[in-house]
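These numbers come from a predicted model, not from an experiment. Heads up: numbering here begins at 1 and tracks the sequence.
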Amino acid sequence: MEPPGPPPARVRDGRLGGFGGVLGPEPYDSFMRSHLGYYGYFRGQKMGGRKSPESSGGPSEQHPTKGPSMGSTGPGCLRGSRQEPNPQGPLPAPRWPIECEVIKEAIEHIEWVPPEPEPFCQPMAHGREPAALCEDQGTVVYHLSPALRGSCFTRARVGGAPGPLSSPAAPLEGPQDTTLLFESRFESGNLQKAVKVGPYEYVLRLRPDLYTTKHTQWFYFRVQNTRRDPLYRFTIANLAKPKSLYGEGTRLLLYSQCDAQSRGIGWRRVGTDVRYYRGGGEEPAVFCLSWTVRFPHDGDTCFFAHSYPYTYSDLQRYLRALAGDPARSRCCAVRALCRSLAGNTIYLLTITSPAGAAGKRAVVLSARAHPGETAGSWAMRGLLDFLLSAHPDAQLLRRLFVFKVVPMLNPDGVVVGNSRCSLAGWDPNRAYETACGGSFPGVWHLRAMVERLLAEREVVLYCDFHGHSRKNNVFMYGCDGGGAGTRLRQRLFPLMLSKNAPDKFSFPSCKFKVQKSKAGTGRVVMWRMGVSNSYTMEVAFGGSTLGGRSSHFTVEELKSLGSLLCDTLLDFCDPHPAKLRQCLAEVDALLRQRLGREPGSGSSWSDVSTSELESSTSGSDSSVSDEPPAPRHGRAKPLEQPRRKRLRSRRARNTLRRRNAAHRSRASLPVSLGPRAWCTRPGRGPPGPAGSRLSPAPRAQRDRSLEPALV
């Protein structure tokens with residue numbers, strides 16, 4: 001389903017507007033305008049013979065799915081849609097649940113790339129946990145009141161809780177008091193409690209995802225009143241996952257305000273004696289992360305984070321800069337897909353050449369369904385930077401495809417500092433199959449948009465960007481339907497990406513088994529809807545162990561994943577047959593090697609179950625989810641509810657697979673765009689030997705001859 005926007009076919013001065021612009025006539029604009037008009041997104045306009053609720057003066061914050069209409073100068077402006085928005089106008093402030101206290105300070109960080117790789121630390125031996133720190137005998141120096149157990153989201157407002165702020169931090173007794181001052185009441189912060197158990201030792205507890213009692217993994221908080229000389233020790237005592245990359249040498253991130261202002265240094269990896277172990281005496285079991293660190297300055301303001309933060313306000317600033325750039329906004333329309341439960345805008349970017357979208361295939365990309373997985377946002381940022389650049393490859397991609405991009409699917413979870421859930425109290429990446437618009441508006445509208453997109457054009461690729469806390473490197477999860485034709489082709493795109501990113505992407509770590517527990521994920525639902533190449537890209541919170549390296553990912557490396565994915569898309573759709581044959585042969589050889597079969601034996605893959613190829617998606621970063629809450633507006637029916645007759649024999653199952661093999665094989669073929677729509681890229685000929693990079697020449701040195709027929 002497409003979001004609302006200005007009247008179709010509005011093009012000014014040959015360019016497409018940024019916020020609120022369109023790329024040409026949209027066949028279902030009127031449907032969306034009527035749908036969102038019901039919720040009051042078009043002030044003072046009649047929709048289907050009735051005025052919007054907001055025009056009658058009803059307070060918008062009383063409806064959890066609605067939120068206030070944005071001013072005419074705000075991004076994604078929906079009120080007064082014929083008015084061109086002001087690219088330099090103020091950003092709409094994020095809306096918080098009324099249970100959340102929010103400080104008024106704006107938190108921003110500079111981007112910085114370390115001059116040298118940041119290596120992993122030496123993992124501590126298992127069983128050598130530090131001595132237990134007794135919270136009961138310590139002094140509580142910071143404590144935020146948690147949301148009441150069993151409560152649920154009711155409404156939101158700018159600034160969160162009404163009334164004056166409380167004082168969760170203990171006051172200092174004087175200049176000689178060395179107690180740290182903690183704070184987390186800002187975007188994406190989530191520290192709930194800090195207990196001082198020694199002169200320079202603290203036990204910390206994270207707030208679970210709002211309206212749940214689980215999912216403690218992401219952390220991001222501020223400390224002040226630091227001392228330079230002492231060795232501080234911190235222990236987070238209520239993490240949820242039994243395994244973490246912190247047990248394998250991953251270090252934390254520290255940001256020093258003094259270093260940022262005086263030396264231009266941003267987030268960096270710190271921590272010695274980093275340990276991850278099971279805590280004692282609690283059921284269900286909790287796990288502890290302990291580390292020691294020295295602060296770089298006296299009296300500094302510092303931040304700790306699980307991974308490089310990327311907030312909702314960061315995204316808005318990026319989109320505002322995009323809208324103000326005449327070159328980039330010419331090929332990108334930024335519109336509102338929908339509003340979140342709290343009323344925050346979920347943005348949809350449509351990227352293609354100004355010539356229009358007629359006859360083009362589509363690519364759908366999304367990120368931040370899980371708010372704590374910030375690596376997905378940085379990879380998405382790199383993809384947008386490259387796709388909107390003047391690079392010849394980017395121009396070619398825009399001429400060949402229509403990109404539908406949702407850069408932040410769960411802004412409410414990002415704002416409040418959740419690890420996994422939305423304000424519905426449930427994992428949105430398990431809700432695609434049964435999601436209703438009232439409880440999961442982002443998921444519902446994204447799925448509806450893809451349904452309508454499939455009705456008018458082919459969707460070549462769907463990819464959802466995530467982060468992973470238990471496996472290093474970058475890898476993908478796909479969907480193996482078991483057919484002889486699709487089994488190899490499902491693995492083509494990840495194999496090609498591994499060749500283009502040999503020092504980051506691990507093809508052996510990829511999984512393709514579709515488990516019942518993953519039936520509600522985006523990749524599985526999109527695949528069942530008809531997107532044959534549907535993937536989840538997992539980016540490690542740690543770093544890479546490939547190509548002889550053993551170091552953490554930097555922001556620039558995370559952003560490079562986006563451009564590498566674009567590069568792989570061109571390889572994947574290249575009509576040159578040698579590249580396709582080479583990669584298919586390599587996938588076939590890898591699978592035969594895994595099963596112990598002789599190369600070239602000629603046996604069919606249709607008689608091999610997915611379980612024989614891989615045990616499970618045990619590497620998934622999912623944790624035990626809370627039971628789904630009662631939907632606010634009723635539960636939507638699943639996309640497919642087939643009633644299948646039980647097949648009693650293996651022969652019957654194989655017969656059914658062969659019957660559907662031809663259809664799935666045609667649907668899963670890499671897209672050949674044909675000689676009239678595609679120009680052969682001279683620098684990207686047939687692939688080299690197995691295991692070599694698909695594009696041996698550096699991207700900047702590859703010649704591109706764009707055919708006039710593409711214009």
Taking only Lys NZ, Arg NE, NH1 and NH2, and the carboxylate oxygens of Asp or Glu, determine whether E111 and R381 approach each other closer than 4.0 Å. yes
Can you name the closest pair of heavy atoms from Y347 and P92 and give their distance? OH-CG, 4.5 Å
Is a donor from one side chain sitting under 3.5 angstrom from an acceptor on the other, for N418 and N190? no
NE2/H445 to CZ/R447 distance, rounded to the nearest 0.5 angstrom? 11.5 Å
Hey, do the aromatic rings of Y432 and F440 have their centres closer than 6.0 Å? no
Rounded distance [0.5 Å steps], CG in L239 versus CZ in R278: 14.0 Å
Shortest non-hydrogen contact from G279 toward C288: CA-SG, 3.9 Å
Looking at side-chain heavy atoms only, is the closest gap between F553 and W378 below 4.5 Å? no
Once rounded to the nearest 0.5 Å, what's the spacing between atom CG of L253 and atom CZ of R268? 11.0 Å
Evaluate the criterion side-chain hydrogen bond (donor to acceptor under 3.5 Å, both in side chains) for residue pair E99 and Y211; output intermediate values, then yes/no. CA-CA 10 Å; E99 292 86 355; Y211 312 120; 2.7 Å; yes
So is R269 actually on top of Y308's ring, under 6.0 Å and inside 45° of the axis? yes
Separation between CD (E108) and OG (S313), nearest 0.5 Å, reads 8.0 Å
With a 4.5 Å heavy-atom cut-off, do V334 and C332 have their side chains touching? yes
For residues T216 and N238, is any side-chain donor paired with an opposing acceptor at under 3.5 Å? no
From CE (M408) to CG (L319), nearest 0.5 Å: 9.0 Å
Please report the shortest heavy-atom distance between T345 and R339, naming the atom on each side. OG1-NE, 3.5 Å
Could you tell me which non-hydrogen atom of L409 sits nearest to which non-hydrogen atom of G442, and how far apart they are? CD1-O, 3.7 Å
Taking N410 for the side chain and C421 for the main chain, is one N or O donor matched with an acceptor at less than 3.5 Å? yes
Does the ring pair (Phe, Tyr, Trp, His ring centres under 6.0 Å) test come out yes or no for F221 and Y142, once each step is laid out? CA-CA 12 Å; F221 57 90; Y142 182 81; 9.0 Å; no
Taking Q224 for its side chain and T226 for its backbone only, find out whether a donor-acceptor pair lies under 3.5 Å. no
Any donor-acceptor pair under 3.5 Å linking the side chain of H370 with the backbone of G372? no
Would you say CZ of R317 has more than 12 non-hydrogen atoms from neighbouring residues, nucleotides or ligands within 6.0 angstrom? yes
Within a strict 4.5 Å, meaning less than it, do heavy atoms of the P208 and H215 side chains meet? no
When you measure from the side chain of N429 to the backbone N and O of A369, does any donor-acceptor pair fall under 3.5 Å? no
Could you walk me through whether L289 and V274 pass the side-chain contact (heavy atoms from CB on, under 4.5 Å) check? CA-CA 7 Å; L289 169 64; V274 179; 4.0 Å; yes
Are any of the side-chain heavy atoms of T374 and W218 separated by less than 4.5 Å? yes
If you define the side chain from C-beta out and look only at heavy atoms, does anything of S188 sit under 4.5 Å from P371? no
Check for me whether the distance between the ring centres of F304 and W291 falls short of 6.0 Å. yes
Chi angles and distances behind the salt bridge (charged side-chain N to carboxylate O under 4.0 Å, His left out) call for R228, D300: CA-CA 9 Å; R228 179 179 180 179; D300 197 359; over 6 Å; no
State, yes or no, whether a side-chain contact exists between I265 and Y255 at a heavy-atom distance under 4.5 Å. no
When F295 is tested against each of D229, V270, L180 for side-chain contact (heavy atoms from CB on, under 4.5 Å), which residue passes? L180
Compute the centroid of each ring, for H306 and then for Y246, and state whether the two points are separated by less than 6.0 Å. yes
Candidate pair D412 and S340, rule side-chain hydrogen bond (donor to acceptor under 3.5 Å, both in side chains), full reasoning: CA-CA 7 Å; D412 294 348; S340 66; 2.6 Å; yes
Does F541 form a side-chain contact (heavy atoms from CB on, under 4.5 Å) with E373? I'd like the steps, not just the answer. CA-CA 8 Å; F541 286 108; E373 298 173 4; 3.9 Å; yes
For Y277 and F287, run ring pair (Phe, Tyr, Trp, His ring centres under 6.0 Å): C-alpha distance rounded to whole Å, both residues' side-chain angles, the deciding distance at 0.1 Å, then the answer. CA-CA 6 Å; Y277 57 94; F287 300 86; 9.3 Å; no
Verify the distance criterion only: is there a donor paired with an acceptor across the side chains of E101 and S166 at less than 3.5 Å? yes
Salt bridge present between R222 and E105 (N-O < 4.0 angstrom): yes
Output yes when a side-chain donor or acceptor of W267 lies under 3.5 Å from a complementary backbone atom of I110, and no otherwise. no
I want to check something: taking the side chain as every heavy atom from C-beta on, are N225 and R227 in contact at a cut-off of under 4.5 Å? yes
Keeping the roles fixed (side chain from R157, backbone from R95), state whether a donor-acceptor pair exists under 3.5 Å. no
S290 backbone acceptor or donor facing T235 side chain under 3.5 Å: no
Using only atom types and a distance under 3.5 Å, with no angle test, would you say the side chain of R207 pairs donor to acceptor with the backbone of V416? yes
Nearest atoms (heavy-atom pairs only) where M380 meets V405: SD-CG1, 3.4 Å
Can you tell me how far OH of Y310 sits from CG of L558, rounded to the nearest 0.5 angstrom? 12.5 Å
Apply side-chain hydrogen bond (donor to acceptor under 3.5 Å, both in side chains) to residues S377 and R368 and explain how you reach the verdict. CA-CA 7 Å; S377 276; R368 294 300 284 280; 2.8 Å; yes
Hey, are R420 and D427 close enough for a salt bridge, meaning a charged N less than 4.0 Å from a carboxylate O? yes
Check L206 against Q192 and note the closest heavy-atom contact, atom names and distance. C-CB, 4.0 Å
Taking the six-membered ring for Trp, are F182 and Y202 closer than 6.0 Å centroid to centroid? yes
Would I346 and V406 count as a side-chain contact (heavy atoms from CB on, under 4.5 Å) here? Give the steps. CA-CA 7 Å; I346 299 176; V406 182; 3.9 Å; yes
Side chains of S469 and K241: donor-acceptor distance under 3.5 Å anywhere? no
Validation row: Y200, L231 side chains within 4.5 angstrom (heavy atoms): no
Give a yes or no answer on whether the side chain of S256 reaches the backbone of C302 with a donor-acceptor pair at less than 3.5 Å. no
Report the C-alpha separation of R430 and T521 in whole Å, then their side-chain angles, then the decisive distance to 0.1 Å, and conclude whether the side-chain contact (heavy atoms from CB on, under 4.5 Å) test is met. CA-CA 5 Å; R430 298 295 184 272; T521 60; 3.2 Å; yes
Can a donor-acceptor pair be found between the side chains of T311 and D314 at a distance below 3.5 Å? yes
Expected output: side-chain S366 to main-chain D464 donor-acceptor under 3.5 Å: no
